[in-house]
Amino acid sequence: MKAMRKRVFWPVLAGLALAAAQATPVQLAATPAARAQVPMPAPVPQPKAAQFPAGVLPLAGLGVRVVGSAPELNNAARDLSSEWQTRLGVGLPSSSTGKIVIGTADDAALAAKVKGAGLSLGGAESYALLVDSSGAYVVGADPRGAYLGAQTLRQLLTPAGVRFARISDAPALKQRIAMIYLDQYSKGVNDKLIPLLAQLKYNSVLVMSNYVQWDAAKAGGYANAGGATKAEARRVADLARSYGLEPIPLIETLGHVGWMFGNGKNLDLRQDEASQNPYAYDTLNPETYNRVLFPIFKEAAETFGAKTIHIGHDEVRNRDRFPARENGKALGFAKLVTDDIIKIHDYLKTLNVGTMMWHDSAFADAVLDTVPAALPKDIQVAYWNYDPGNDFPMLGQIKAAGFPTLGASWADAGSPEGLAKAAAKAGINGMIQTRWTGYFGNPSIWDGAAEQGVAYVRAANSFWNPAAPVVANADLIYRDLYQPSPYASAAGFTANLAPLVTRALADNDEKGWIQKGPDIDLRNLKQGVQKLGAYTFNISGAVMLKGSRGAVSSLPAQVTVDIGRKADSVAFLHTTGWNAPTPRENIGHYDIVYADGSKITQPLEYGRHIRAWTDMTTSSMVLAPGWVGKTRDGLDVNVPTLEWVNPKPEVVIKSITLVSEGKAANPTLIGLTLIGK
């Protein structure tokens with residue numbers, strides 16, 4: 001019976017395919033807010049105690065007044081002015097009578113203001129924030145707290161004014177660390193990430209620094225051309241501190257030390273002489289330290305002005321034999337690990353630099369009874385565990401052994417949230433949000449591994465306030481903080497694609513959507529004109545194209561939409577019926593044809609420009625968040641948006657053709673909006 005229904009249905013689609021082979025006119029409706037960035041619905045991290053009464057402080061005539069001379073207070077005013085400039089197109093001037101006041105409780109008038117409003121201050125980094133009709137008051141227990149309070153105030157800005165608020169806030173965890181990278185792409189990425197991390201109330205950055213072009217590495221011939229220069233490392237350290245983030249260089253030792261064997265150098269220092277791609281070094285050769293490690297640690301300490309250096313020390317036995325040399329075998333793994341840590345720790349101490357390390361080489365089951373007891377107790381030990389959950393007894397064991405303890409989480413759902421809860425319960429020092437995007441893959445934090453950037457948002461929320469619920473729309477927040485846009489609306493035209501629709505979004509009879517029935521369809525994406533993320537679309541159904549799956553094998557391979565208008569950009573609300581088997585597979589394209597006869601092709605790489613409705617992995621921020629919802633049976637689904645920026649906005653766009661390559665992931669257009677008058 002199902003096959004018979006298909007035989008009746010396909011002739012209708014054949015007619016649609018015939019129509020799609022030619023340009024089909026669609027109705028374009030003028031839309032005042034075709035694209036408009038929406039202010040964050042609530043501050044992130046979520047404050048410890050907050051109320052948001054109805055009302056806003058009007059923008060007209062606002063200025064900022066700093067009470068006190070601490071650098072953090074002026075930096076807070078700088079960040080507020082930057083927010084005003086980005087979002088509203090005007091700066092926030094300094095004024096001795098400004099209605100936005102930033103200071104600390106050391107000022108008697110501000111302390112009285114906090115007390116009179118019924119707000120409270122806690123310990124270090126705490127703040128009180130009051131916004132009412134009289135003004136906005138950011139009062140820190142210390143200058144750092146005032147700076148963090150200003151980051152919350154930034155998130156209360158709307159096009160109409162500053163939202164009224166009454167907030168008493170303080171961090172649950174003392175150390176809140178985010179991991180970043182230094183490479184040849186560092187400036188373009190870290191200049192965006194560092195202000196973002198500051199706004200999310202991190203207070204340190206763990207900086208992957210293996211491949212910085214240290215003088216010792218250049219002299220030894222093993223410097224990597226893809227590494228950042230020392231000047232860039234120093235610049236990033238200074239930039240981080242200007243945003244209240246203490247830089248902690250990470251230079252991996254014992255394992256993960258391919259960096260010291262670059263260009264075939266230092267092979268005499270390999271632990272495993274049979275290794276063709278050395279991974280660990282020989283701890284019993286003094287040249288390991290005198291020739292390589294100590295000179296680089298000294299340079300790193302000076303370049304970063306480091307208070308602490310993270311020495312890695314994880315996954316020592318992951319690849320090479322360790323120990324492999326006979327003299328090492330005679331001493332054994334535990335002795336080699338212990339002596340290496342102590343030797344590095346003691347050297348760093350001569351530089352007035354503390355030591356931080358991962359937990360696993362010293363706290364593995366096989367050495368748990370021997371190595372920790374032999375180590376100096378001022379070493380900060382970071383326990384990494386990337387599983388979800390909130391019960392991690394090792395945190396308490398490391399703390400009980402006498403070490404300052406940190407948790408280290410990963411991007412997967414539940415990892416930062418659960419481990420932060422456990423960290424707070426164990427009373428340890430703080431948390432690190434790790435990031436593993438490759439030594440030379442900095443840009444992937446936006447395009448390629450963006451889910452690890454989204455995790456910065458979720459982790460920040462949990463590190464500051466472990467009791468807070470999981471952040472909703474964290475991908476939208478990450479995208480907006482990394483690449484903030486004005487709140488001003490851009491006019492345009494929404495297209496009604498009804499004449500081109502090949503599949504209904506609601507599959508009541510297994511003839512719609514992907515023909516799986518009503519429990520697994522897009523019925524919850526409602527029809528009509530609506531705002532999805534920053535964009536407005538007119539939803540009437542799905543223009544689904546041909547793919548390799550039987551359910552869509554007879555659909556048209558392409559569809560052409562008549563446009564006949566100029567545009568600054570075009571927003572496509574689109575998806576695929578199924579996943580592509582490989583990332584970045586080319587599954588189709590848009591051909592944009594102009595009235596002058598020229599044509600531009602926009603490829604559709606899976607995961608970068610388009611993804612399946614069931615694929616919730618935000619690997620690329622080239623795609624903007626669009627609609628997010630659930631199927632009737634509870635499956636999380638989404639339809640993202642691709643904004644194509646028109647390089648020829650002065651020329652009329654004649655038509656846009658969507659073409660499918662006929663692969664597993666079949667392009668499906670659901671909304672199209674022209675942006676620009």
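Residue numbers start at 1 and run along the sequence shown.
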**Prompt:** Between W446 and Q483, is a side chain to side chain contact (heavy atoms under 4.5 Å, CB included) present by the stated rule, with each step listed?
**Reply:** CA-CA 10 Å; W446 177 259; Q483 188 170 282; 3.6 Å; yes
Taking all atoms of both residues into account, what is the closest heavy-atom pair of [X] and [Y], and its distance?
X: P469; Y: N461; answer: O-ND2, 3.0 Å
X: V316; Y: S361; answer: CG2-CB, 4.0 Å
X: S619; Y: G607; answer: OG-O, 3.2 Å
X: N385; Y: S415; answer: O-OG, 3.9 Å
X: L395; Y: T405; answer: O-CG2, 3.9 Å
X: S204; Y: I248; answer: CB-CD1, 4.1 Å

Are any non-hydrogen side-chain atoms of [X] and [Y] less than 4.5 angstrom apart?
X: R325; Y: N285; value: no
X: T338; Y: V367; value: no
X: H313; Y: T355; value: no
X: R611; Y: T618; value: yes
X: P376; Y: I342; value: yes
X: S242; Y: L239; value: yes
X: D320; Y: Q271; value: no
X: I194; Y: V236; value: yes

Assess, by modelled atom type and distance only, whether the side chains of [X] and [Y] contain a donor and an acceptor separated by less than 3.5 Å.
X: Y127; Y: D169; answer: yes
X: Q433; Y: S409; answer: yes
X: Y289; Y: D340; answer: yes
X: D79; Y: Y147; answer: yes
X: D378; Y: H345; answer: yes

So how far is it from [X] [atom1] to [Y] [atom2], rounded to the nearest 0.5 Å?
X: L193; Y: L481; atom1: CG; atom2: CG; answer: 11.0 Å
X: N390; Y: E417; atom1: CG; atom2: CD; answer: 11.0 Å
X: T283; Y: L269; atom1: OG1; atom2: CG; answer: 11.5 Å
X: L336; Y: L254; atom1: CG; atom2: CG; answer: 8.5 Å
X: M260; Y: E252; atom1: CE; atom2: CD; answer: 13.0 Å
X: T253; Y: W259; atom1: OG1; atom2: CH2; answer: 8.0 Å

Heavy-atom count around [X] [atom1] within 6.0 Å, excluding the residue itself: above 12?
X: K174; atom1: NZ; result: no
X: K307; atom1: NZ; result: no
X: K329; atom1: NZ; result: yes

**Prompt:** Ring centres of F363 and F403 under 6.0 Å apart?
**Reply:**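 Centroid separation for F363 and F403: below 6.0 Å.
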**Asked** Under 6.0 Å between the ring centres of F440 and Y211?
**Response** yes
**Request:** Verify side chain to side chain contact (heavy atoms under 4.5 Å, CB included) between W464 and L200, making sure each step is shown before the conclusion.
**Result:** CA-CA 9 Å; W464 181 269; L200 291 172; over 6 Å; no
May I ask you to decide if [Y]'s main-chain N or O and [X]'s side chain share a donor-acceptor pair within less than 3.5 Å?
X: Q151; Y: L148; result: no
X: D360; Y: E315; result: yes
X: N190; Y: Y181; result: yes
X: N263; Y: G221; result: yes
X: R270; Y: Q276; result: no
X: E451; Y: A411; result: no
X: T303; Y: K230; result: no
X: Y185; Y: S444; result: no
X: S168; Y: L119; result: no
X: R321; Y: S275; result: no

Under a 4.0 Å threshold between the charged nitrogen and the carboxylate oxygen, would [Y] count as salt-bridged to [X]?
X: R584; Y: D447; value: yes
X: R235; Y: E232; value: yes
X: K343; Y: D339; value: no
X: E302; Y: K298; value: yes
X: R144; Y: E125; value: yes

**Prompt:** Under 6.0 Å from the six-membered ring centre of F304 and within 45° of its axis: does the NZ or CZ of R241 meet both?
**Reply:**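 Here R241 fails the 6.0 Å and 45° test against F304.
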**Asked** When the ring planes of F322 and F333 are compared, do they come out parallel, tilted or perpendicular, using 30° and 60° as the limits?
**Response** perpendicular
**Request:** Using the six-membered ring wherever Trp is involved, compare the ring planes of Y202 and F463 and label them parallel, tilted or perpendicular (cut-offs 30° and 60°).
**Result:**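 The rings of Y202 and F463 stand perpendicular, inter-plane angle above 60°.
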**Prompt:** Passes side chain to side chain contact (heavy atoms under 4.5 Å, CB included), W436 versus Y386? Steps please.
**Reply:** CA-CA 12 Å; W436 304 107; Y386 299 160; 3.0 Å; yes
**Request:** Evaluate the side chain to side chain contact (heavy atoms under 4.5 Å, CB included) criterion for residues Y456 and I445: first the C-alpha distance (whole Å), next the side-chain angles of each, then the deciding distance (0.1 Å), finally the verdict.
**Result:** CA-CA 10 Å; Y456 285 142; I445 199 65; 4.1 Å; yes
